[in-house]
Enquirer: 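One structure coming up, written as structure tokens, with questions to follow.
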2 protein chains.
Amino acid sequence: LIEVENLEKDYPTGAGVFQALRGVSLRIAEGEFVAIMGASGSGKSTFMNLLGCLDRPTRGSYHLDGQDVGRLSSDQLAALRNREIGFVFQGFNLLPKLTALDNVALPLMYAGIGREARRRQAQAMLERVGLGERSHHTPLQLSGGQQQRVAIARALATRPRIIFADEPTGNLDSETSRQVMDLFSQLNREEGITLVLVTHEADIAAYARRCIRFQDGRVIEDVAQAEV
Amino acid sequence: LIEVENLEKDYPTGAGVFQALRGVSLRIAEGEFVAIMGASGSGKSTFMNLLGCLDRPTRGSYHLDGQDVGRLSSDQLAALRNREIGFVFQGFNLLPKLTALDNVALPLMYAGIGREARRRQAQAMLERVGLGERSHHTPLQLSGGQQQRVAIARALATRPRIIFADEPTGNLDSETSRQVMDLFSQLNREEGITLVLVTHEADIAAYARRCIRFQDGRVIEDVAQAEV
Ligand SMILES: Nc1ncnc2c1ncn2[C@@H]1O[C@H](COP(=O)(O)OP(=O)(O)OP(=O)(O)O)[C@@H](O)[C@H]1O
Ligand SMILES: Nc1ncnc2c1ncn2[C@@H]1O[C@H](COP(=O)(O)OP(=O)(O)OP(=O)(O)O)[C@@H](O)[C@H]1O
Ligand SMILES: [Mg+2]
Ligand SMILES: [Mg+2]
């Protein structure tokens, strides 16, 4: 489903070019549950943004479901994203003027779902992350961990084919983290949704069946693991 | 140093009043190193914002170094904050148009420190959190964990009397977390800086000598612990 070859990403800086990704090659099959770990600044979010079609590589290729993503126009890329991908951002990226419900309903609207149905589906997803009673709060009226859970619910709402989650439990206590990870595991197991999850916590990575480790823009380890 | 009595905080919502804090009474002595834990939404950040003089309680009293904080004007509160308090926000709150260096130097400027000296001190603090080579990057040119470390460096730069850190390692891998926690421990041990730190990770809380647990806007546990 996902195939990258010699993927590179450069950022121009005042001091010259910084190579955030220095040649990553790997494959992820449909239905896999993959964890990504590595030091702060090692290139994990940069990699996730490329896989999530939010950015383009400087060099190398990315094939998603057989399509060469580098050859698509911005419009085609946006359509692909809306149809196939759910993304939980490290910084949440919620719309501050919308309620939790409307934030979660937004991708459903882009998918052409009618008003009544998307409100029902958004409310149901908020309940699954424990925020059923907060659906009318805006982001500023929510705690950090509640905002993170709204971002998670929004990514899951359309039941996309692939979910990219960038440190989705960083602001959650252990009980709430477990609730979220059980939800991810269930979607992967029951609906075959492919999951790629960045985390720096080993007990969160343990939910996955494969762990990829980044260091200085490269993959230094890629191991199968028994899910705990 | 810190004395709160029957502290309450209400938030008006469409559905009525939500009580985020429901009567918290406790004391923190100068030089203590305290961890705060509790479920997402239990009131930790609300409590920290009151202690950090960023917000006022709805009911109850807060004495900081003997002064009744509730009786101070906004200007007096701002002056007290700048002089005595460093705050690491759960959402970082960096200024997007300033470099890491200028973000960290900002409180030094408010403290009246001259341009050359504050650039040197800001650079030194960035080096202590491992970002010496990133000082000219703006927040958008930094990873999530790097932004978090800039927020930490900024709170520490003026060597304030008290540091409130709201989930400071949420985006950091274990090695970088250890670096940050060693820095906090050192400042507490060698300079007597009072530390109040919210975390949801037990091995981060283990660096502290006391652990306070919140649930539904109340303190349900307050225990001394041997630092690990
Ligand atoms: N402006 C507001 N209006 C209404 N409710 C609010 C507002 N701000 C916070 N709340 C509510 O107050 C409660 C406590 O929020 P707080 O941010 O203190 O939680 P927290 O313990 O820091 O959680 P987390 O671990 O998720 O960061 C939450 O349930 C939140 O929804
Ligand atoms: N726009 C940019 N300009 C310059 N450098 C950048 C830019 N964006 C990211 N970087 C650098 O690229 C490197 C990788 O960033 P990335 O966000 O992928 O790291 P990460 O592994 O997600 O880290 P974290 O765990 O802290 O979130 C970092 O060292 C960062 O400073
Ligand atoms: Mg990142
Ligand atoms: Mg909080």
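Numbers restart at 1 for each chain; the letters A, B, ... are given by sequence-line order, proteins then strands. All of these numbers come straight from a predicted model, not from anything done at the bench.
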Enquirer: Determine yes or no for a side-chain-to-main-chain donor-acceptor pair under 3.5 angstrom, with B/Thr58 supplying the side chain and B/Asp10 the backbone.
Expert: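 Confirmed, B/Thr58 side chain pairs with B/Asp10 backbone.
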
Enquirer: Return yes if some donor-acceptor pair links the side-chain N/O of B/Asp166 with the main-chain N/O of B/Phe89 below 3.5 Å, else return no.
Expert: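 No; zero donor-acceptor contacts below 3.5 Å.
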
Enquirer: Measure A/Thr169 against the heavy atoms of chain B and call it side chain, backbone, both or neither at under 4.5 Å.
Expert: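 Interface part for A/Thr169: backbone (N, CA, C, O).
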
Enquirer: Please look at A/Glu175 and chain B and tell me whether the side chain, the backbone, both or neither of the residue comes under 4.5 angstrom of a heavy atom of that chain.
Expert: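 Neither the backbone nor the side chain of A/Glu175 comes within 4.5 Å of chain B.
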
Enquirer: Measure B/Thr13 against the heavy atoms of chain A and call it side chain, backbone, both or neither at under 4.5 Å.
Expert: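 Side chain of B/Thr13 only, per the 4.5 Å heavy-atom cut-off to chain A.
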
Enquirer: Find out whether B/Phe33 and B/Leu197 are in side-chain contact, i.e. whether some heavy atom of one side chain is under 4.5 Å from a heavy atom of the other.
Expert: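 Heavy-atom side-chain distance check passes, below 4.5 Å.
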
Enquirer: Counting only heavy atoms closer than 4.5 Å, note whether B/Glu201 contacts chain A via side chain, backbone, both or neither.
Expert: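 Side chain only.
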
Enquirer: At a 4.5 Å cut-off on heavy atoms, which part of A/Thr176 comes close to chain B: side chain, backbone, both, or neither?
Expert: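 It is the side chain, since no backbone atom gets that close.
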
Enquirer: Where on B/Ser143 is there a heavy atom nearer than 4.5 Å to chain A: the side chain, the backbone, both, or neither?
Expert: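 Interface part for B/Ser143: side chain.
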
Enquirer: Counting heavy-atom pairs under 4.5 Å to chain A, which of B/Val198, B/Leu142, B/Asn171, B/Thr199 comes out on top?
Expert: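 Looking at each option in turn, the highest pair count goes to B/Asn171.
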
Enquirer: Does A/Arg134 qualify as a cation-pi partner of B/Phe18, given the criterion of NZ or CZ under 6.0 Å from the six-membered ring centre and within 45 degrees of its axis?
Expert: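 Yes, cation above the ring, under 6.0 Å and within 45°.
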
Enquirer: What part of A/Gln148 gets within 4.5 angstrom of chain B, counting heavy atoms only: side chain, backbone, both, or neither?
Expert: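 Neither the backbone nor the side chain of A/Gln148 comes within 4.5 Å of chain B.
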
Enquirer: Centres of the B/Tyr207 and B/Phe184 rings: under 6.0 Å?
Expert: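 Centroid distance B/Tyr207-B/Phe184: not below 6.0 Å, so no.
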
Enquirer: Pick one of side chain, backbone, both or neither for B/Phe92, based on which atoms fall under 4.5 Å of a heavy atom in chain A.
Expert: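 No part of it gets close to chain A.
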
Enquirer: Spell out, as yes or no, whether a donor-acceptor pair under 3.5 Å connects the side chain of A/Gln90 to the backbone of A/Glu167.
Expert: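 Checked: no pair found.
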
Enquirer: Side chain of A/Lys44, backbone of A/Ala39: donor and acceptor closer than 3.5 Å?
Expert: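 Side chain of A/Lys44 to backbone of A/Ala39: a pair is present.
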
